[in-house]
There are 2 protein chains.
Amino acid sequence: MPNRFVKKLQGFSPLTDAAIRAVVKATAMPQDFGPRQHLIREGDTPGPVFAMLEGWAIRYKVLPGGSRQIMAILMPGDSCDLHMGMLEEMDHSIEAVTQSVVATIPRDVMDQIMAGHPTVARAMYVAQLIDEDTSRAWIVSMGRRNSIESTSHLLLELYIRAIRVGLIPSGVMEFPLTQAVIANALGATTVHINRVLQTLRHSGAIELRRGHLRIPDPAILVRLSGLNESYVQRRLPPQPFSRTNL
Amino acid sequence: MPNRFVKKLQGFSPLTDAAIRAVVKATAMPQDFGPRQHLIREGDTPGPVFAMLEGWAIRYKVLPGGSRQIMAILMPGDSCDLHMGMLEEMDHSIEAVTQSVVATIPRDVMDQIMAGHPTVARAMYVAQLIDEDTSRAWIVSMGRRNSIESTSHLLLELYIRAIRVGLIPSGVMEFPLTQAVIANALGATTVHINRVLQTLRHSGAIELRRGHLRIPDPAILVRLSGLNESYVQRRLPPQPFSRTNL
DNA sequence: CGTGTGGTTGATGCCTGTCAACCTCTGTGG
DNA sequence: CCACAGAGGTTGACAGGCATCAACCACACG
């Protein structure tokens, strides 16, 4: 019964049965989105909460010069809260990368759920804290890591997130991001990311082709990313990252 | 009675009287921190919520190579929630920039407040959403803006935030950040930021010296930052940004 | 079998980093 | 009251990572 979004919230903080029912009800009529289709775009009125039940999406901004920067990558279970805040219109867009199933929870509905179910409010808050952790990690990557390191770091991040939500049953990960998307996420050019990925391949850190990513030995990628060895383990549940299932 | 932190929360979402009392009580015994003093450092156990009642602080990470990246700049009223999340120890540090007054709210106390006072939970949630907005803006700056643009953007951000919390009575802003701090926030070097600031000065966009920043004509800085003109107005309350009081 | 999207390669140049001095304040102690 | 120390700021020479521009390749699909 509970969908990926509910499961993720439960992972952050226990939910009461009533809370689960409320969230399930609010996400009971999701929409399908095709690749490249916008969930919301710059200029639209913000407000709703999007919950990715299936598929990947990106949150991005196009600068006046035409260049594009991706600010977040959404995977199944992830949500993003487009609260009105101080802005009356969106200053960025969200678009599906793959075929996706997305629940749109209107602002007032979400407000009521969170007001009536403190356990949901708490879980959403924790989700938000973790999202900002990720954003901060990106800031570090873009500020102080070279392209080899930041690319390795991003691939590891996505790999870890995929494992956490149970998306890598076989050791090979579905990886729908094009090199252009990776480049737009890392603040680099497609050409340069292409060369970086080649060196990662040649060093045996990754096997990446046709929308599939395999990381034969995570230790290699960890070393290339410039992270201390313990980083990855600390962010992973004990079992699924053992060398054997990769 | 309410301190800067309470005022900021109230600005995000109305608080009940009982909620205000609870937050005031939890922040009633703040500590003083001197410049360069750590509120918490890498390796420490996370958990508490810090509320900046007075002064500035930075959230930063030191990479294996020794370089430093600042991920957030905290001003009076700001808070940061060092939830345990998935990490058992801090992977970054927070240190005071100026003489500061900081309330430390233990994890369990904050949990109880948020559980017992949904209005606080909501305000903290909104605060967190806005923090991530800021983080995302930094990502865009670091990814797709050159150093002139990103520096202009950062100065504008800080200027706007200062106005919003009433820190610029006279049109001249107290600006305690050294060029090294700005560089560490933008992912650049001190040398290069020095040159950028000089061009900003020569173009009449800023007057910056001895810990004070004046922006004679925000429009110039806005243009240099590459933002569309409306960006600044949309993020500001109507009155205090009129040309006359700058 | 053409068309398009995504991926690859090479040549060239610039933005920014690196290194290494040197300058300018401010506060302090003799 | 002056010398000194230290932090912050400034300048110049040089190098390198990555962007830019411009082709070209390879696979999937209708």
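Chain A is the first sequence line, chain B the second, and so forth, proteins listed ahead of strands; every chain is numbered from 1. No experiment lies behind these values; they were computed from the predicted model shown.
- If you measure from atom CZ of A:R209 to atom P of D:dA28, you get 12 Å, rounded to the nearest angstrom.
- The distance between atom CZ of B:F175 and atom P of D:dG8, rounded to the nearest whole Å, is 14 Å.
- No side-chain N or O of A:E54 forms a donor-acceptor pair with one of A:S100 less than 3.5 Å apart.
- Taking atom CG of A:L186 as the reference point, atom C1' of D:dG17 lies 15 Å away to the nearest angstrom.
- Between the CG atom in A:L213 and the CG atom in A:L208 there is a gap of 5.5 Å [rounded to 0.5 Å].
- Closest contact between the side chain of A:N146 and the listed nucleotides D:dC18, C:dT18, D:dG9 involves D:dC18.
- Of the residues in residues 60-71 of chain B, not one places a heavy atom less than 4.0 Å from an atom of DNA chain C.
- B:E95 and B:Q37 share no side-chain donor-acceptor pair at under 3.5 Å.
- With DNA chain C read from its 5' end, the first of the two nearest nucleotides for A:R144 and A:A180 is the one closest to A:A180.
- For B:R210, counting side-chain heavy atoms from C-beta on, the closest listed nucleotide (C:dT26, D:dC27, D:dC18) is C:dT26.
- Computed from coordinates, the B:I182 CD1 to D:dG8 P distance equals 12 Å when rounded to whole Å.
- Here the side chain of B:E149 pairs a donor or acceptor atom with the backbone of B:N146 at under 3.5 angstrom.
- The shortest heavy-atom contact between B:G34 and B:Q99 is CA-OE1, 3.6 Å.
- Between the NE2 atom of A:H212 and the C1' atom of D:dC27 there is a distance of 14 Å, given to the nearest Å.
- Summarising the geometry, the separation between CG on A:N184 and P on D:dA19 is reported as 11 Å, rounded to the nearest angstrom.
- Rounded to an integer number of Å, the gap from A:R36 CZ to C:dG4 C1' is 11 Å.
- One side chain, A:W138 or A:E157, offers a donor N or O that lies under 3.5 Å from an acceptor on the other.
- Among the nucleotides C:dT18, C:dG6, D:dT20, the one closest to any side-chain atom of B:T189 is C:dT18.
- Residue contacts shown for A:G187 are limited to sugar-phosphate atoms, with no base heavy atom under 4.0 Å away.
- Rounded to whole angstrom, the span from the CG atom of A:L177 across to the C1' atom of C:dG7 amounts to 15 Å.
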**Evaluation steps, side chain to side chain contact (heavy atoms under 4.5 Å, CB included), between A:I73 and A:W56** = CA-CA 7 Å; A:I73 296 172; A:W56 294 42; 3.9 Å; yes
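- Ranked by how close their nearest DNA chain D nucleotide is to the 5' end, B:T178 and A:A188 are led by B:T178.
- The pair A:D78-A:R4 does not count as a salt bridge, with every side-chain nitrogen at least 4.0 angstrom from each carboxylate oxygen.
- In this structure, the separation between CD1 on A:I139 and OG on B:S141 is 9.5 Å, given to the nearest 0.5 Å.
- The pair A:R41-A:D44 fails the salt-bridge criterion, with no side-chain N (NZ, NE, NH1 or NH2) lying under 4.0 Å from an Asp/Glu carboxylate O.
- Interatomic distance, A:R144 CZ to B:R68 CZ, rounded to the nearest 0.5 Å: 9.0 Å.
- Remark: B:V191, B:H192, B:R195 in residues 190-205 of chain B come within less than 4.0 Å of DNA chain C through at least one heavy atom.
- Rounded to 10°, the angle separating the first-five-pair axis and the last-five-pair axis of the helix from C:dC1-D:dG30 to C:dG30-D:dC1 equals 30°.
- No side-chain donor-acceptor contact under 3.5 Å links B:T190 and B:Q179.
- Distances shorter than 4.0 Å separate some side-chain N or O of B:Q179 from OP1 or OP2 on D:dT10.
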